[in-house]
Amino acid sequence: MGEHEKFPADAEEARIDRDVTREELTATLDALAAKLDVRERVRENVDDKVEQASARIASTVSVPAAEKFRQGAGAVRSHPVPVFATAFAVVVLIRLLLRRRGR
């Protein structure tokens, strides 16, 4: 028999077992919620990538240029939908122009 299969000897032991189980379940649910929070995980990943890019840029360009990059990255983080919509529109426009040239 495993540890969780034995029946508690008295009411106090049952309460303790219940409280430990509740804490374990809460920790498990918190971990699952963190894994399922895709938006937050993506945001953290993007933040990491931006910080890496900022460090690379700061080491290769002037300080004002690096600061401009950081400001642009901040704008993308605060308003991602318009930026990605614009990028998507540019890609579609380029494809249409290339398709017309091919005729």
Side-chain angles (χ1 to χ4, degrees):
M1 284 191 160
E3 177 183 323
H4 295 287
E5 294 176 14
K6 69 179 187 174
F7 195 76
D10 59 13
E12 183 61 28
E13 196 174 304
R15 281 187 211 99
I16 292 171
D17 185 46
R18 176 199 65 199
D19 292 343
V20 168
T21 302
R22 185 176 289 158
E23 289 175 12
E24 290 173 350
L25 183 58
T26 299
T28 301
L29 289 174
D30 288 344
L32 283 172
K35 282 188 174 189
L36 293 174
D37 190 358
V38 175
R39 178 176 282 165
E40 184 61 30
R41 290 176 60 201
V42 167
R43 184 175 294 134
E44 289 171 359
N45 190 14
V46 167
D47 288 345
D48 290 344
K49 298 295 183 191
V50 167
E51 289 304 318
Q52 290 173 3
S54 294
R56 285 184 189 160
I57 288 173
S59 67
T60 58
V61 298
S62 66
V63 174
E67 185 57 35
K68 288 289 184 186
F69 176 80
R70 284 193 182 99
Q71 289 173 355
V76 170
R77 283 187 215 158
S78 61
H79 305 291
V81 173
V83 172
F84 290 115
T86 302
F88 180 74
V90 168
V91 168
V92 169
L93 181 63
I94 290 171
R95 287 202 62 183
L96 288 173
L97 291 173
L98 291 175
R99 187 177 290 173
R100 276 191 178 179
R101 268 191 171 177
R103 285 185 182 176

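These numbers come from a predicted model, not from an experiment. These numbers come from the heavy atoms of this one structure, side chains and all, not from hydrogens, waters or symmetry mates.
- Under the rule for a side chain to side chain donor-acceptor pair (under 3.5 Å), the partners of Arg15 that lie at least two apart in sequence or sit in another chain are Glu12.
- Residue pairs satisfying the salt bridge (charged side-chain N to carboxylate O under 4.0 Å, His left out) criterion with at least one member in residues 50-68, sequence neighbours excluded, are listed as follows: Glu51-Arg77.
- Thr60 is linked by a side chain to side chain contact (heavy atoms under 4.5 Å, CB included) to nothing, counting only residues two or more places apart in sequence or in another chain.
- If you chain together ILVMFWY residues whose side-chain heavy atoms come under 4.5 Å of each other, Leu36 ends up in a group of its own.
- In terms of the side chain to side chain contact (heavy atoms under 4.5 Å, CB included) criterion, residue partners of Val92 (sequence neighbours excluded) are, by chain and number, Phe88, Leu96.
- Nearest heavy-atom pair across Ala65 and Val61 is CB-CG2, 3.8 Å.
- Proximity of Asn45 to Arg41: side-chain heavy atoms (C-beta onward) are nowhere separated by under 4.5 Å.
- Legend: residues meeting salt bridge (Lys or Arg N to Asp or Glu O under 4.0 Å) with Glu40, ordered by chain and number and at least two apart, are Arg43.
- Its side chain outside the 4.5 Å cluster rule for every partner, Val81 clusters with none of the Ile, Leu, Val, Met, Phe, Trp and Tyr residues.
- Between the CG atom in Asp17 and the CD atom in Glu13 there is a gap of 7.5 Å [rounded to 0.5 Å].
- Counting only residues at least two apart or on different chains, no salt bridge (charged side-chain N to carboxylate O under 4.0 Å, His left out) pair has a member in residues 29-38.
- With sequence neighbours left out, the side chain to side chain contact (heavy atoms under 4.5 Å, CB included) criterion links Arg22 to Arg18, Asp19, Thr26.
- Of the residues listed (Leu98, Leu97, Val91), the one engaging Ile94 in a side-chain contact (heavy atoms from CB on, under 4.5 Å) is Leu98, and it is the only one.
- Judged as a side chain to side chain contact (heavy atoms under 4.5 Å, CB included), and not counting sequence neighbours, Ala55 has no contacts.
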